Amino acid sequence: MNELEAARRAAVLVASAHVGGCPGCAESVAALAAPRYASRLRAQGVVLTPAPRQADVLLLCGTLNERSRQAALALLEQTPKPRALVAVGDCALNGCVFAGSPALTSQPLAETLSVNVEIGGCPPSPETILDAIAEAQRLLSSEEPRAAAEAAVSEEPVAEEKPVGEVAKGAANGARMADTPGYELEDGDGETDAAGEQEERR
């Protein structure tokens with residue numbers, strides 16, 4: 001058994017992919033490798049891996065154009081199941097400052113890839129990302145969605161993510177989690193936004 005296989009048996013492997021836009025959210029994800037977060041990662045049973053194709057949890061950052069969309073879909077086809085997808089940052093949720101650009105796809109990353117957990121922020125804090133990873137772990141540990149994800153068969157990778165859980169869309173400044181109505185994570189400024197306030201901002 002090699003080191004990667006041993007780690008996969010002992011912990012949840014977390015990888016990230018930055019598909020476009022500015023690197024702010026990717027830098028927040030990269031900060032998780034700093035010593036200040038090491039103890040929490042160990043306590044959560046999380047191992048960071050540079051190999052998305054081996055990950056249990058995949059953190060996805062940035063905006064989508066047609067080329068990056070195809071690359072992201074190809075990556076998901078090679079990622080093992082069960083898995084949980086986390087959209088990190090406002091670009092992934094709604095395009096942020098790039099919204100409306102003709103270079104981007106009509107749907108943001110979170111919707112195109114049918115993610116399971118959404119985190120708002122420009123960029124979100126590393127602590128918020130850690131909380132989202134914990135929620136993704138909770139989803140993966142649930143036997144019912146795990147069985148559903150393993151049984152799902154579809155030609156489109158986008159549709160395969162739905163059985164893991166229906167995520168509440170549109171949480172621009174917080175994270176809304178599957179199967180947890182009203183659940184919110186703090187944004188990068190340590191504040192939460194009520195769903196009604198988010199609707200008013202749309």
Side-chain angles (χ1 to χ4, degrees), residues 2-8 10-65 67-69 71-76 78-80 83-99 104 108-110 112-113 115-140 161 167 171-177 185-191:
N2 61 36
E3 183 177 345
L4 182 60
E5 290 172 339
R8 188 173 179 82
V12 170
L13 296 184
V14 175
S16 65
H18 177 239
V19 298
C22 82
C25 292
E27 290 176 359
S28 283
V29 172
L32 298 180
R36 65 179 297 183
Y37 301 113
S39 60
R40 182 167 174 184
L41 288 170
R42 286 195 299 269
Q44 288 185 206
V46 170
V47 173
L48 300 179
T49 174
R53 291 178 178 85
Q54 302 295 330
D56 303 296
V57 176
L58 188 56
L59 308 176
L60 298 159
C61 314
T63 55
L64 286 183
N65 57 29
R67 183 175 180 179
S68 62
R69 174 183 173 275
L73 292 176
L75 177 62
L76 292 190
Q78 300 174 54
T79 305
R83 65 191 172 205
L85 305 180
V86 180
V88 179
D90 288 345
C91 279
L93 300 188
N94 53 41
C96 196
V97 296
F98 303 103
L104 303 184
L109 180 152
T112 299
L113 302 183
V115 301
N116 308 110
V117 182
E118 296 180 348
I119 316 171
C122 184
S125 68
E127 290 83 359
T128 302
I129 297 171
L130 285 170
D131 289 341
I133 292 171
E135 183 62 22
Q137 289 177 280
R138 186 190 69 78
L139 293 177
L140 287 172
E161 305 312 319
V167 68
N173 294 304
R176 300 300 297 269
M177 306 304 183
L185 287 181
E186 292 184 348
D187 62 15
D189 298 322
E191 299 177 352

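Remember, it's a predicted structure, so these values are computed and weren't measured experimentally.
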Heavy-atom pair with the smallest gap, counting every atom of Leu109 and Leu64: CA-CD1, 3.6 Å

Exercise: identify the closest heavy-atom pair between Leu140 and Asp56: CD1-O, 3.6 Å

Flag side-chain contact, heavy atom, 4.5 Å: Pro108 against Leu93: no

Atom pair CG (Asn116) and CZ (Arg138), whose distance is rounded to the nearest 0.5 Å: 11.0 Å

Pro52 versus Ala15, closest heavy-atom pair with distance: CA-CB, 3.6 Å

Residues that Leu41 engages under side chain to side chain contact (heavy atoms under 4.5 Å, CB included), provided they are two or more places apart: Val46, Leu48, Leu130

Min side-chain heavy-atom separation Leu85-Thr79 under 4.5 Å: no

Close side-chain approach of Glu135 to Val86, heavy-atom, < 4.5 Å: no

All side chain to side chain contact (heavy atoms under 4.5 Å, CB included) counterparts of Cys22, not counting sequence neighbours: none

Thr63 to Phe98 - nearest heavy-atom pair and separation: CG2-CD1, 3.9 Å

Which atom of Tyr37 lies closest to which atom of Ala31, heavy atoms considered: CD1-O, 3.1 Å

Student check: side-chain heavy atoms of Val117 and Val57 closer than 4.5 Å: no

Which residues share a side chain to side chain contact (heavy atoms under 4.5 Å, CB included) with Cys25, sequence neighbours left out: Cys61, Val88, Pro123, Pro124

Non-neighbouring partners of Ser68 that pass side-chain hydrogen bond (donor to acceptor under 3.5 Å, both in side chains), sequence neighbours left out: Asn65

Steps toward side chain to side chain contact (heavy atoms under 4.5 Å, CB included) verdict (Leu58, Leu75): CA-CA 10 Å; Leu58 188 56; Leu75 177 62; 4.2 Å; yes

Under the side-chain hydrogen bond (donor to acceptor under 3.5 Å, both in side chains) test, residues paired with Arg40 that sit two or more places apart: Gln44, Asp131

Partners meeting side chain to side chain contact (heavy atoms under 4.5 Å, CB included) with Ala43 (sequence neighbours left out): none

Atom pair CG/CD of Leu73 and Gln78 - distance to nearest 0.5 Å: 11.5 Å

